[in-house]
Amino acid sequence: DPTWTFEITPQDLTLTTEGGARQVQVPTRSPLDNGSKMTFRSVLGTQEMVAVIDRVRCFDAPTGETLPAAVSVTFDRKWYYGCGRFIAYR
């Protein structure tokens, strides 16, 4: 169970931290996408959230799984890094 999660929907970028105790949502903006990496930037008040999704295989040690993306999120002077997967929303 990660201590943080990050979710992208057509409407919001959602960062959940502290094991679910804190959740921050910012509006989804069109990402910069160079094919191998997507970068999302959005603002909440005076704080910027930057999320980078690298389309590279990432080994998640706690689960032993290899996932299709490496994810880093910066918000409120904190940096979060981990592995992720792509989920299609309808």
Side-chain angles (χ1 to χ4, degrees):
D1 221 6
T3 58
W4 69 277
T5 60
F6 181 70
E7 184 176 2
I8 301 168
T9 68
Q11 296 80 27
D12 298 301
L13 306 176
T14 303
L15 175 65
T16 304
T17 62
E18 301 168 24
R22 181 171 183 221
Q23 187 175 77
V24 178
Q25 285 186 319
V26 297
T28 299
R29 306 274 189 245
S30 295
L32 297 173
D33 189 344
N34 71 6
S36 64
K37 177 171 41 176
M38 291 189 303
T39 303
F40 292 84
R41 292 183 182 273
S42 194
V43 175
L44 178 66
T46 60
Q47 296 177 310
E48 181 181 44
M49 182 181 291
V50 178
V52 178
I53 290 87
D54 283 306
R55 293 179 180 108
V56 296
R57 293 170 52 125
C58 182
F59 179 72
D60 184 52
T63 65
E65 288 184 80
T66 299
L67 299 173
V71 179
S72 65
V73 180
T74 305
F75 182 75
D76 194 21
R77 298 185 190 137
K78 295 186 177 123
W79 182 70
Y80 304 90
Y81 177 82
C83 301
R85 61 178 48 107
F86 298 96
I87 300 171
Y89 287 93
R90 296 180 189 162

So which heavy atom on [X] is nearest to which on [Y], and how close?
X	Y	result
Phe59	Gly64	CE1-O, 3.5 Å
Gly84	Pro68	O-CD, 3.3 Å
Trp4	Gly82	CZ2-N, 3.6 Å
Gln25	Leu44	O-CD1, 4.1 Å
Ile53	Phe6	CD1-CE2, 4.5 Å
Phe75	Met49	CD1-CB, 3.7 Å

Got a second to check how far [X]'s [atom1] is from [Y]'s [atom2], nearest 0.5 Å?
X	Y	atom1	atom2	answer
Thr5	Gln23	OG1	CD	7.5 Å
Leu15	Glu7	CG	CD	11.5 Å
Thr74	Gln47	OG1	CD	12.5 Å

Hydrophobic cluster partners of [X] (side-chain heavy atoms under 4.5 Å):
X	value
Val50	Val52
Leu67	none
Tyr81	Trp79

**Q.** salt bridge (charged side-chain N to carboxylate O under 4.0 Å, His left out) partners for Asp12, two or more places apart
**A.** none
Q: Flag yes if Phe86 and Leu13 sit in one hydrophobic cluster, no otherwise; membership is Ile, Leu, Val, Met, Phe, Trp, Tyr, and two members link when side-chain heavy atoms are under 4.5 Å apart.
A: yes
Q | Residue list, side chain to side chain contact (heavy atoms under 4.5 Å, CB included) with Arg29, at least two apart or on another chain | A | Pro27, Ser42
Q: Give a yes or no answer on whether the side chain of Arg55 reaches the backbone of Gly35 with a donor-acceptor pair at less than 3.5 Å.
A: yes
Q) Pairs in or reaching into residues 64-73: which pass side chain to side chain donor-acceptor pair (under 3.5 Å), with residues at least two apart or in two chains? A) Glu65-Arg85
